[in-house]
Amino acid sequence: MRKVYLIVILVFQLYSFAQNKEVLYNFTAIPQSSLVNPGADVSYKFYFGVPVLSGVSANLGSSSFSAYDLFANNGVNFNDKLRNVINNSSSKDKTQVNQQLELFSGGFRVGGKESQSYISFGVYQEFDFLMYVPKDLAILALDGNRDHIGQSFNLADLNVRAEVLSVFHVGFHKKVNEKLVLGGRAKLYSSGANATSTKNSGFIYTGQNAGTPNIYNQVIASNLELKTSGIATFTKDEYDGSIPKDIVHNTFFNGSLGLGIDAGLTYYFKDNLQFTASIVDLGFIKHTKDLETLTYKGIYQYDGVNPSFDPSNEPKNIFDEFEKAIPRDTLYNKYTTWRPTKFYSSIQYSWGESRSDDACNCRGKINRKYVNAVGGQLFMMSMPVEPFVALTAFYKRSIFEKLDVKATYTFDSYSNKNIGLGLSGTLGKLNMYFLVDNLLEFKDISKANSMAFQFGFNFVFQDSED
């Protein structure tokens, strides 16, 4: 069971990556760029996404090791690999999975042909998982307490949350003048299933009394809590439905509800010097459906011979005493969770004037003026322990009138050699885009610490030329 517990933790670790969409951000040839900055300088007569295919994204990665570190066929014993991975990790190594699927989306200009005000809307499904590596508990599960006499194991390392939700949103952005674009987006969250355990505390300690080498003192101080909504029904013996179907139903039609906002801007110091900033998912969900909270709170102390976590080596009454000291309690209280809030910002310098007379292709001006751009981006995201921060340098170029490319180099806690590439092209009215991170890791994916991709298809319509 120790190995199973640890392997589950590490498999989740292999699929961890923060929700930074550095290639998509300010890539205004793509309508979905307004999802990460509602104040992006994009324009169109109207557009709509191909249902289910307008925005598909997944983020995979690891902050401390790769699959190769665990499963390489190099003659090293698996237990040794597992121990090395744990020893090289820290309690601040976070594991995260994020997946999004845009079901439909669209947008249109309001106020006539000369207007520069736009409304956008849509629905997307999202899965989010976050867990910090519980290093102390992993060491205890792997080694036991025999070789750690006098050491305290921190239960606060147990820090996890997971959620499936849908997001209904409507946004508005307006080009106030030639220098400033402002935008905002309102969101309605519907959580189909949530599990949150992020405020735990306590410790496990084994001590040895002086002069009594065979007598040990075991102390477990526990303040553990797991809050769930939309899950308890599936754990009942009498449940005979389909879990996937019921989660989908709850996510879109019977979930716990919440509200959120996005806000953003674009400002031009000069025609070719641009600043952007946005805040995304500033919001909360009030969990009210199918609630269950499990708690393990109390203090257990044992003085005796050879305390162990192996049931075969403990007196039979140890477990009864433990359950009385730290009972499992079940509550049914409502609770509130906050969405992981993201902040983006960028500075961009452009050069190389374009002589095209074609109408705008969702690039934010009536006529495209520059074909080259370089700059830097900042990304921050709220997390339970400490914010996640990433820095990105980028280069953008319009290769042809309807073909744009963006290359990025990102430095963060997952990688210091993350090179990304984005491509957006338009054929007739059909806009197609594909974005990918960590290109260097494709030569051997098993050694990759992080990977991400996004693709989609939209129909974008501009005003016909007079």
* Side-chain heavy-atom pair F379, F388 within 4.5 angstrom cut-off -> yes

* Looking only at heavy atoms, which two atoms of Y433 and N458 are closest? And how far apart? -> CE2-ND2, 3.7 Å

* Structure fact -> Tightest non-hydrogen contact, residues I231 and A193, listed as CG1-CB, 4.0 Å

* Asked: More than 12 heavy atoms of other residues, nucleotides or ligands under 6.0 Å from CE of M432: is that the case?
  -> yes

* **Shortest non-hydrogen contact between L24 and Q32, atoms and distance** => CD2-O, 3.9 Å

* Taking all heavy atoms of D281 and all of P340, pick out the closest pair and write down the distance. => CB-O, 3.8 Å

* Asked: Strictly under 6.0 Å, is that where the ring centroids of F411 and Y409 end up?
  -> no

* **Steps toward side chain to side chain contact (heavy atoms under 4.5 Å, CB included) verdict (D136, F203)** => CA-CA 10 Å; D136 276 10; F203 63 89; over 6 Å; no

* Relative to each other, are the rings of F455 and F457 parallel, tilted or perpendicular (30° and 60° limits)? -> perpendicular

* Q348 side chain near T276 side chain, heavy-atom distance below 4.5 Å -> no

* Decide, yes or no, whether a salt bridge links K187 with D262 under the criterion of side-chain N to carboxylate O below 4.0 Å. => yes

* **Other residues, nucleotides, ligands: >12 heavy atoms within 6.0 Å of K179 NZ** => yes

* Would you say the side-chain atoms of N59 and S57 include a donor-acceptor pair closer than 3.5 Å? -> no

* Validation row: L391, L378 side chains within 4.5 angstrom (heavy atoms) -> yes

* Sorted by first residue and then second, give each side-chain hydrogen bond (donor to acceptor under 3.5 Å, both in side chains) pair with at least one member in residues 372-392; sequence neighbours left out. => N372-Y395, N372-R397, Q377-K406, T392-T410

* Ignoring hydrogens and angles, state whether a donor on the side chain of Y268 or D41 is under 3.5 Å from an acceptor on the partner side chain. => yes

* Could you tell me whether a side-chain N or O of T266 sits under 3.5 Å from a main-chain N or O of G39, the two making a donor and an acceptor? => yes

* Under 30°, 30 to 60°, or over 60°: which ring-plane class applies to F461 and F46, parallel, tilted or perpendicular? -> parallel

* How about T336 and I285: do any of their side-chain heavy atoms sit closer than 4.5 Å? -> no

* Give the intermediate values and the outcome of side chain to side chain donor-acceptor pair (under 3.5 Å) for residues S256 and S191. => CA-CA 5 Å; S256 297; S191 174; 5.6 Å; no

* Is the Y344 ring parallel, tilted or perpendicular to the Y25 ring (thresholds 30°, 60°)? -> parallel

* Taking C-beta and beyond as the side chain, do S120 and Y47 meet within less than 4.5 Å on heavy atoms? -> yes

* Asked: So, S197 side chain and V160 main chain: donor-acceptor pair closer than 3.5 Å or not?
  -> no

* To do: Indicate yes or no: at least one non-hydrogen side-chain atom of R185 is less than 4.5 angstrom from one of H173.
  => no

* I would like to know whether S229 and Y335 meet side chain to side chain contact (heavy atoms under 4.5 Å, CB included); could you show each step before the answer? => CA-CA 9 Å; S229 70; Y335 65 97; 3.6 Å; yes

* Rounded distance [0.5 Å steps], CG in L165 versus CG in N194 -> 9.0 Å

* To do: Find out whether T293 and L291 are in side-chain contact, i.e. whether some heavy atom of one side chain is under 4.5 Å from a heavy atom of the other.
  => no

* Separation of F104 CZ from Y124 OH (nearest 0.5 Å) -> 13.0 Å

* Structure fact -> Rounding to 0.5 Å, atoms OG1 (T196) and NE2 (H287) come to a distance of 5.5 Å

* Measure the CG-CG distance between L155 and L140 for me, rounded to the nearest 0.5 Å. => 9.0 Å

* **K429, NZ atom: more than 12 neighbouring heavy atoms under 6.0 Å** => yes

* Asked: Listed by chain and number, what are the salt bridge (charged side-chain N to carboxylate O under 4.0 Å, His left out) partners of E163, not counting sequence neighbours?
  -> R339

* With a 4.5 Å heavy-atom cut-off, do S190 and F252 have their side chains touching? -> no

* To do: Take D290 and N250 through the side chain to side chain contact (heavy atoms under 4.5 Å, CB included) test and state the conclusion after the steps.
  => CA-CA 10 Å; D290 195 16; N250 292 342; 5.8 Å; no

* **F275 and Y267 aromatic centres sub-6.0 Å** => no

* Asked: Passes side chain to side chain contact (heavy atoms under 4.5 Å, CB included), D157 versus V133? Steps please.
  -> CA-CA 7 Å; D157 284 358; V133 176; over 6 Å; no

* To do: Give every residue pair that meets the ring pair (Phe, Tyr, Trp, His ring centres under 6.0 Å) criterion with at least one member in residues 136-166, sequence neighbours excluded.
  => H148-F153

* Under 3.5 Å donor-acceptor, N98 side chain and D128 backbone -> no

* Asked: Looking at CG of L103 and CG of L53, how far apart are the two atoms once the value is rounded to the nearest 0.5 Å?
  -> 10.5 Å

* Can you check whether E225's main-chain N or O pairs, donor with acceptor, with N200's side chain at less than 3.5 Å? -> yes

* **Between CG on residue L158 and NZ on residue K199, distance to nearest 0.5 Å** => 15.0 Å

* To do: Work out which heavy atom in V280 is nearest to a heavy atom in V36; give both atom names and the distance.
  => CG2-O, 3.6 Å

* To do: Please report the closest heavy-atom contact between S54 and G49, naming both atoms and the distance.
  => CB-CA, 3.5 Å

